[in-house]
Asker: 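Structure below; questions to follow.
All values below come from the heavy atoms of this structure, side chains included, with hydrogens, waters and symmetry mates left out. Letters A, B, ... mirror the listed sequences (proteins, then strands); counts begin at 1.
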Protein chains: 2
Amino acid sequence: MDRDFPHDDTTADTAERILAVAERILAVAERLFGQRGYSGVSIRDIARAAGISKANVFHHYASKQALYEAVLERSASRFHALLESLADHQREAAELLEDFSRRHLRNMLERQDALSLYVRHLLDAASEDQGTAAEAILERTYDVLVERFAALQRQGKLAGHADPGVLALTLVGSHLVYVLGRKVLQQRAVPAAERFSKTLIRQLLDGVAAGPRAGGQDQSDRQ
Amino acid sequence: MDRDFPHDDTTADTAERILAVAERILAVAERLFGQRGYSGVSIRDIARAAGISKANVFHHYASKQALYEAVLERSASRFHALLESLADHQREAAELLEDFSRRHLRNMLERQDALSLYVRHLLDAASEDQGTAAEAILERTYDVLVERFAALQRQGKLAGHADPGVLALTLVGSHLVYVLGRKVLQQRAVPAAERFSKTLIRQLLDGVAAGPRAGGQDQSDRQ
DNA sequence: CCAGCGACCGACCGATCGGTCAGTGAATGC
DNA sequence: GCATTCACTGACCGATCGGTCGGTCGCTGG
């Protein structure tokens with residue numbers, strides 16, 4: 001078809017294909033690095049999984065380290081996009097927290113390779129002293145959550161004695177362990193993600209103390 | 001000294017030295033595997049760090065994989081020892097939780113290499129389907145905590161609507177993220193470990209909601 | 001039509017990997 | 001005193017690592 005203008009089609013197709021190769025390398029590398037770690041993956045593995053030659057990987061990325069950093073950067077920017085969509089609502093604390101928890105948890109579950117990659121990177125960075133751009137994910141998440149919690153506190157929607165920083169770590173940590181431990185603990189009765197978010201937020205908001213503080217042990221919202 | 005019986009001394013010393021070599025390999029391997037991951041560490045690295053020849057490592061451990069599993073096992077048993085000391089008190093919920101949080105967090109901080117090793121192992125296991133003995137750490141921690149929380153609940157020291165499983169994940173997750181993020185977030189005002197435990201437990205028990213549920217926003221226990 | 005460019009590949013490089021093996025030297029049992 | 005045992009080593013193996021190089025091929029601007 002379009003024998004007269006194969007160029008247009010082919011040109012765009014080629015251009016796309018070029019981008020597609022670089023992008024496909026990134027995608028494949030993210031998956032493999034996430035699953036097996038930096039030194040657990042060879043350039044040959046990546047090339048094989050992407051269906052190209054090993055030399056071609058070096059044609060698009062100067063070195064394995066450069067490719068790794070490109071993967072981290074891509075991963076980080078994608079994660080930031082999620083965070084942006086969080087902090088601009090004006091709802092009740094319970095609703096907002098539950099919504100964030102659900103989104104954050106779902107994102108972690110959907111993009112487990114990226115999450116693994118990031119956790120691995122944190123572990124690697126823990127025994128060095130460099131600060132690559134990627135670990136800004138945690139800083140960023142922390143900052144956004146802390147700011148948001150502080151705002152809720154100012155609006156009187158959160159207890160005055162609450163510590164936004166500790167609360168942020170609790171929230172993120174609960175999600176992380178849920179995802180990390182999901183497979184190991186699957187024979188236990190670990191709730192599904194949606195239900196976990198709901199239960200988690202309710203417990204964080206209301207506390208788990210026996211209830212000698214105010215009311216009895218009646219739980220109003222049980223469905 | 002003891003020139004007449006250098007044998008006794010030397011014998012015991014040699015026997016100790018043999019044990020010491022195997023043990024030193026384990027210790028060194030735990031540190032290196034924890035810092036750089038399984039495939040990021042070569043037998044040569046381990047031998048060099050332990051001050052022995054590479055072949056000697058293979059003399060004590062059949063393969064790199066076998067050494068790795070021995071390290072995991074040793075790490076796991078040490079961790080279990082910590083857990084045992086947890087579940088046998090008869091105190092108030094706040095006191096017990098805070099004590100566990102403090103211990104658990106301190107243990108994580110003191111043995112970061114083992115923690116890193118374990119998290120890495122969890123990440124590796126996540127993309128496979130085998131179940132080595134080491135990931136039983138999480139199962140075990142989870143089970144002990146859940147059982148303990150359920151007991152507290154039966155005693156009426158914990159709210160009836162609390163979910164022991166979610167609470168366990170929250171507690172462990174908060175600790176994990178605290179340790180993992182401690183370095184990255186150190187320029188933020190992240191509290192010291194002791195203070196973090198205290199704040200964390202108080203928030204988990206009392207909740208962070210503004211206080212509209214039952215009573216006013218008076219918090220009785222503020223010291 | 002053709003010179004140049006860039007995506008892409010096969011073959012190759014030195015280094016390092018996990019693992020083996022023949023041997024050494026000191027202690028032990030008989 | 002002699003054979004055995006065993007912790008331990010240096011030298012070596014094939015495989016694989018990250019990375020390079022010379023070259024092919026298809027497209028494009030002049």
Asker: Given D:dG10, D:dG18, D:dT20, identify the nucleotide with an atom nearest to the side chain of A:Ala55.
Answerer: D:dT20
Asker: With respect to the side chain of B:His60, which nucleotide from D:dG18, D:dT20, D:dA7 is positioned closest?
Answerer: D:dA7
Asker: Just to confirm, is there a sub-4.0 Å distance from OP1 or OP2 of D:dT9 to any side-chain nitrogen or oxygen of B:Asn56?
Answerer: yes
Asker: Given atom CD1 of A:Ile25 and atom P of C:dA7, what is their separation to the nearest angstrom?
Answerer: 11 Å
Asker: Look at A:Ser53 and C:dG10 and indicate whether a side-chain polar atom (N or O) is within less than 4.0 Å of OP1 or OP2.
Answerer: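 Looking at the OP1 and OP2 atoms of C:dG10, neither is under 4.0 Å from any side-chain N or O of A:Ser53.
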Asker: Determine, for A:Arg202 against B:Asp163, whether the closest basic-nitrogen to carboxylate-oxygen distance falls under 4.0 angstrom.
Answerer: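 Judged by the 4.0 Å cut-off on N to carboxylate O distance, A:Arg202 and B:Asp163 do not form a salt bridge.
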Asker: With a 4.0 Å cut-off on heavy atoms, is B:Val57 in touch with a base, just the backbone sugar-phosphate, or nothing at all?
Answerer: nothing
Asker: CD of B:Gln65 versus C1' of C:dG18: gap in Å, rounded?
Answerer: 12 Å
Asker: Let me know, please, whether A:Arg44 or A:His59 comes out on the 5' side of the other along DNA chain C by nearest nucleotide.
Answerer: A:His59
Asker: Is any side-chain N of the basic residue among B:Arg120 and B:Asp124 closer than 4.0 Å to the acidic one's carboxylate O?
Answerer: no
Asker: Are B:Ser42 and C:dT16 close enough that a side-chain N or O sits under 4.0 Å from OP1 or OP2?
Answerer: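 B:Ser42 to C:dT16 OP1/OP2: no side-chain N or O under 4.0 Å.
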Asker: Given D:dG18, C:dT20, D:dC8, which nucleotide is nearest the side-chain atoms of A:Phe58?
Answerer: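 Among the listed nucleotides, the one closest to the side chain of A:Phe58 is D:dG18.
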Asker: Does the distance from a Lys or Arg side-chain N to an Asp or Glu carboxylate O, for A:Arg102 and A:Glu98, drop under 4.0 Å?
Answerer: yes
